[in-house]
Amino acid sequence: MRLALVTHNVTTGDGQGRVMRELALHAARAGAVVTLLADRVDADLEEQPGLEIEWLRVKPRMQSPNLVKVAEFARAATAILQRQRRWDVVHANGYVLNLPHQVNTAHFVHGAQPSVGGFGPGRAYRQLYQAANSRWEKRAFGQASRLVAVSSVVREELLAIGVGSERVTVIPNGVHPAPPCTLTRSALGLPSDRPVALFAGDLRTPRKNLDTVLKSLALLPQFHLAVAGAPEGSPFPALAEKLGVTDRVTWLGFRTDLPALYGIADIFLCPSRYEPFSLVLLEALAAGTPVVTSGRVGAAELADRRCTAVIPDPDDVNALAHAWRSLWEETRDNGEAVRDAAVATARRYSWARMGEAYMGLYQEMLR
């Protein structure tokens, strides 16, 4: 099988890019000849011994603004496919092509997302970006023979914009086993005499819902909160001060070692207002860390309720505080069982399982 994977990035530092990296490796190990049509690719991917993975760089002529870059990327990738025509299966990711293809993975659906939030003067641009991508994405989805949704949340979003259910397959993303935890609380400036909850995400947007987390922290004086994310330009440090919880929040800054952080926390908080999947939720479970999340997070449907608390409304401060406290008490009293349930959940959703599901879909398309 000659497989073309088309996406902007195939890198571990990018959520969608990480999924495509794992898929490329799995497909190549299964005997496929894999071509990556991408702007950025991890340097080691073409150097995997015994695997046929090549990179055809798709470099937009303009790298900014991002709206122009997206359109330029689709134009350039389309030109390559029209010139070469040597692949059995073309697998796109959202709007990256302007021609018919076999498979398209919807990691999110711009046209079904809540209204764009954010802080600062860039709000108008983000609204324009979402509106343009909504139109482009809908056209791209219409050009795909089959669509893959990364969660039931995304599947429902596809149906909401008019995609027929018979064209949609749900294939959840995966996770690796957790690396050994080599970090310590003292090295991170965290207290050792009280339970610590960990929050991770972009602090420039309200979508990750740190504001509700901080308001819940004000109701839970026994807890300390560690926040992974760049606080520069964010309103949340000021909110923590206003709520009187500054002394119980440690701002860890932007981190590239998230998998190593989960092990230092008693609870991981992921109560996003909207999240089509959430790789970090599975990563936390893989580390044996119980998770509090919301019903608007796609990966919440995969979780075992013995190690995961799901609140229906992410803006309900009292419900989040109750779930946070209750899950910690359960972990305190039955820690080994909770951690075992978390790790077992993550093992059910390995990258290998995801790769096998995609390979089965490709074979179906070839038949």
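The first residue in the sequence is number 1, and the count goes up from there.
Between the side chain of Thr35 and the main chain of Ala4, no donor-acceptor pair closer than 3.5 Å is present. No donor-acceptor pair under 3.5 Å is formed between the side chain of Arg29 and the backbone N or O of Leu51. The closest donor-acceptor contact from the side chain of Thr293 to the backbone of Cys270 lies under 3.5 Å. Side chain of Arg248 to main chain of Leu220: a donor-acceptor pair is present (N/O by atom type, distance under 3.5 Å, no hydrogens or angles). Judged by distance alone, with hydrogens and angles left aside, the side-chain atoms of Asn9 form no donor-acceptor pair with the main-chain N or O of Gly17 at under 3.5 Å. With hydrogens and angles disregarded, no donor-acceptor distance shorter than 3.5 Å links the side chain of Arg61 to the backbone of Lys59. Although no hydrogens or angles enter the test, the distance criterion places a donor-acceptor pair under 3.5 Å between the side chain of Ser134 and the main chain of Gln130. Listed for the Ser278 side chain is no donor-acceptor partner under 3.5 Å among the backbone atoms of Val297. In this structure, Thr205 contributes its side chain and Arg207 its backbone to a donor-acceptor pair below 3.5 Å. In this structure, the side chain of Thr105 does not engage the main chain of His107 through any donor-acceptor pair within 3.5 Å.
Taking 4.5 Å as the limit, every side-chain heavy atom of His224 sits out of range of all side-chain heavy atoms of Pro195. Side-chain atoms of Leu3 and Val33, non-hydrogen and from C-beta on, never get closer than 4.5 Å to each other. Side-chain contact between Thr250 and Leu252: present, with at least one pair of heavy atoms (C-beta onward) separated by less than 4.5 Å. By the 4.5 Å heavy-atom criterion applied to side chains, Phe277 and Leu282 are counted as neighbours.
Heavy atoms of other residues, nucleotides or ligands lying less than 6.0 angstrom from NZ of Lys138 number 12 at most. Atom CD of Glu52 has 12 or fewer heavy atoms from other residues, nucleotides or ligands within 6.0 Å. Shown here is Arg167, whose CZ atom has more than 12 heavy atoms of other residues, nucleotides or ligands within 6.0 Å. The number of heavy atoms from other shown groups lying within 6.0 Å of CZ (Arg75) is above 12. Other residues, nucleotides and ligands contribute over 12 non-hydrogen atoms within 6.0 Å of the CD atom of Gln82.
The cluster map of Ile, Leu, Val, Met, Phe, Trp and Tyr, joined by side-chain heavy atoms under 4.5 Å apart, puts Met365 and Leu147 in the same cluster. Linking Ile, Leu, Val, Met, Phe, Trp and Tyr whenever their side-chain heavy atoms come within less than 4.5 Å leaves Val310 and Leu320 in two separate clusters. In this structure, Val163 is not a member of the same hydrophobic cluster as Val170, with clusters built from ILVMFWY side-chain heavy atoms closer than 4.5 Å. Cluster membership check: Val338 does not share its hydrophobic cluster with Leu198, using side-chain heavy-atom separations under 4.5 Å among Ile, Leu, Val, Met, Phe, Trp and Tyr. Taking hydrophobic clusters as Ile, Leu, Val, Met, Phe, Trp and Tyr residues chained together by side-chain heavy-atom distances below 4.5 Å, Tyr349 does not share a cluster with Val343.
Expressed to the nearest 0.5 Å, how far CG of Leu188 lies from OG1 of Thr184 amounts to 6.5 Å. Taken from OG1 in Thr289 to CG in Asp266, the straight-line distance is 8.5 Å, to the nearest 0.5 Å. Here Leu217 contributes atom CG and Leu219 contributes atom CG; the two are 8.5 Å apart, rounded to the nearest 0.5 Å. Here the NZ atom belonging to Lys215 is positioned 8.0 Å from the CG atom belonging to Asp315, to the nearest 0.5 angstrom. Here the CG-CZ distance, from Leu327 to Arg305, works out to 11.5 Å after rounding to the nearest 0.5 Å. In this structure, OG in Ser350 is found 12.0 Å from CG in Asn173, a value given to the nearest 0.5 Å.
Considering only residues two or more places apart in sequence or on other chains, Tyr362 meets the ring pair (Phe, Tyr, Trp, His ring centres under 6.0 Å) condition with His91. The salt bridge (Lys or Arg N to Asp or Glu O under 4.0 Å) test applied to Arg57 returns Asp39, not counting sequence neighbours. Every residue two or more places apart in sequence or in another chain that forms a side chain to side chain donor-acceptor pair (under 3.5 Å) with Arg348 is listed here: Thr345. With sequence neighbours excluded, no residue satisfies ring pair (Phe, Tyr, Trp, His ring centres under 6.0 Å) with Trp251. Listed by chain and number, the residues in a ring pair (Phe, Tyr, Trp, His ring centres under 6.0 Å) with Tyr262 are Phe268 (sequence neighbours excluded).
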Which is it for Arg367 and Asp88 under the salt bridge (Lys or Arg N to Asp or Glu O under 4.0 Å) test, yes or no, and what are the steps along the way?
CA-CA 11 Å; Arg367 288 194 296 271; Asp88 302 308; over 6 Å; no
Is there a side-chain contact (heavy atoms from CB on, under 4.5 Å) between Asp211 and Leu239? Walk through the geometry before answering.
CA-CA 7 Å; Asp211 50 324; Leu239 176 60; 3.7 Å; yes
Please step through salt bridge (Lys or Arg N to Asp or Glu O under 4.0 Å) for the pair Arg146 and Glu364, ending with a clear verdict.
CA-CA 10 Å; Arg146 292 289 293 275; Glu364 181 183 333; 2.6 Å; yes
Start with the C-alpha distance between Lys208 and Glu275, add both sets of side-chain angles, then the distance that settles side-chain contact (heavy atoms from CB on, under 4.5 Å), and finish with yes or no.
CA-CA 8 Å; Lys208 299 292 184 177; Glu275 203 74 58; 2.9 Å; yes
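Clustering of Ile, Leu, Val, Met, Phe, Trp and Tyr by side-chain heavy atoms under 4.5 Å joins Leu81 with Val6, Leu37, Leu56, Val58, Phe73, Ile80, Trp87, Val90, Val96, Leu97, Leu99.
Within the structure, no pair that satisfies the ring-ring contact (aromatic ring centres under 6.0 Å, His included) test touches residues 43-63, not counting sequence neighbours. Within the structure, side-chain hydrogen bond (donor to acceptor under 3.5 Å, both in side chains) pairs that include any residue of residues 235-246 do not occur (at least two apart or interchain). Applying the ring-ring contact (aromatic ring centres under 6.0 Å, His included) test to pairs two or more places apart or on separate chains, none has a residue in residues 138-157. Screening residues 182-212 for ring-ring contact (aromatic ring centres under 6.0 Å, His included) gives no qualifying pairs among residues at least two apart or on separate chains. The side-chain hydrogen bond (donor to acceptor under 3.5 Å, both in side chains) contacts involving residues 11-24 comprise Thr7-Gln16, Arg18-Glu283, Arg21-Asp42, Arg21-Asp44, Glu22-His176, where partners must be two or more places apart or lie in separate chains. Each ring-ring contact (aromatic ring centres under 6.0 Å, His included) pair with one or both residues in residues 318-345, not counting sequence neighbours, appears once here: Phe223-Trp324, Phe223-Trp328.
Here the closest heavy-atom approach between residue Asn133 and residue Leu67 is recorded as ND2-CD1, 4.3 Å. Scanning all heavy atoms of the two residues, the minimum distance from Gly164 to Leu159 falls at C-CD2, 4.2 Å. Listed here is the closest heavy atom pair of Val245 and Ala218: CG1-CA, 3.8 Å. Of all heavy-atom pairs between Pro271 and Asn209, the closest is O-ND2, 2.9 Å. Across every non-hydrogen atom of Ala140 and Gly94, the tightest pair is CB-O, 3.7 Å. What you find for Ala286 and Ala178 is that their closest heavy atoms are O-CB, 3.4 Å.
A donor atom on one side chain and an acceptor atom on the other are found under 3.5 Å apart for Glu330 and Asn334.
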